[in-house]
Amino acid sequence: GGWRGLLLGRVPDVAAWLRRADVLVHPVRWEGFGLAVLEAMLAGVPVVASDVSSLPELVGDAGILVPPDDPSALAVAVSRVLADPAGYAEHGRERALREFSVARMADRTLAVYESAWR
């Protein structure tokens with residue numbers, strides 16, 4: 001079979017679409033927080049993303065980061081992830097749960113406020 005891509009716009013149940021995905025490819029030049037990447041990681045979908053903005057902190061070593069505007073590096077990274085999707089998927093899910101859970105984010109936010117208070 002051949003590759004088939006869809007541009008869906010807004011969808012009501014992102015998790016349902018992520019469960020159908022083999023990999024999330026996020027080739028951006030800038031990113032605010034990377035919610036789409038975090039949702040993919042939580043869903044156990046391997047991630048290939050640009051090495052920009054907040055994405056290195058978010059993805060860490062749980063996916064593959066590539067320079068922006070480098071289609072060759074992007075293609076190599078996608079091929080690497082597709083060669084071992086389970087390893088990247090599990091590592092990404094563990095990282096997302098450990099580092100970016102609501103409780104963890106609340107603790108970090110509280111720490112910032114406590115530090116500012118002092």
key: side chain to side chain contact (heavy atoms under 4.5 Å, CB included) between W30 and V52, worked out   = CA-CA 6 Å; W30 179 87; V52 298; 5.5 Å; no

query = Going through the checks in order, is the side chain to side chain contact (heavy atoms under 4.5 Å, CB included) test met by R104 and E99?
reply = CA-CA 6 Å; R104 178 84 166 152; E99 298 294 328; 3.6 Å; yes

inquiry  = L55 vs V28, test: side chain to side chain contact (heavy atoms under 4.5 Å, CB included). Steps then yes/no.
reply    = CA-CA 10 Å; L55 296 176; V28 296; 3.8 Å; yes

Evaluation steps, side chain to side chain contact (heavy atoms under 4.5 Å, CB included), between Y88 and V48 = CA-CA 10 Å; Y88 286 102; V48 173; over 6 Å; no

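Put simply, the side chain of S54 gets close to the backbone of G32: a donor and an acceptor are under 3.5 Å apart. Counting only distance, with no hydrogens or angles, the side chain of S79 and the backbone of A75 share a donor-acceptor pair below 3.5 Å.
Residues V78 and L82 form a side-chain contact, since some pair of their non-hydrogen atoms from C-beta on lies under 4.5 Å apart.
Here the shortest heavy-atom pairing between V47 and M41 reads CG2-CG, 3.8 Å. Taking both residues in full, the closest heavy atoms of L97 and S101 are given as O-CB, 3.4 Å, listed atom of the first, atom of the second, then distance. Across all their heavy atoms, A96 and L42 have their closest contact at CB-CD2, 3.6 Å. For the residue pair G34 and L58, the shortest heavy atom distance occurs at O-CD2, 3.2 Å. Of all heavy-atom pairs spanning A83 and P85, the tightest one is C-CD, 3.6 Å.
V25 and W17 are members of different hydrophobic clusters when ILVMFWY side chains are connected at heavy-atom separations under 4.5 Å. Hydrophobic clustering of Ile, Leu, Val, Met, Phe, Trp and Tyr side chains at less than 4.5 Å, counting indirect connections, keeps V76 apart from V23.
Heavy atoms of other residues, nucleotides or ligands lying less than 6.0 angstrom from CZ of R108 number more than 12. The environment of E57 atom CD is sparse: at most 12 non-hydrogen atoms of other residues, nucleotides or ligands sit within 6.0 angstrom.
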Give the table of side-chain donor-acceptor pairs shorter than 3.5 Å for residues 62-74, with sequence neighbours excluded, one pair per line with atom names and distance.
| unit_1 | atom_1 | unit_2 | atom_2 | d |
| --- | --- | --- | --- | --- |
| D69 | OD1 | R29 | NE | 2.9 |
| D69 | OD1 | R29 | NH2 | 2.9 |
| D69 | OD2 | R29 | NE | 3.1 |
| D70 | OD1 | S72 | N | 3.4 |
| D70 | OD1 | A73 | N | 3.1 |

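Taking CZ of R95 as the reference point, atom CG of D61 lies at 6.5 Å (rounded to 0.5 Å).
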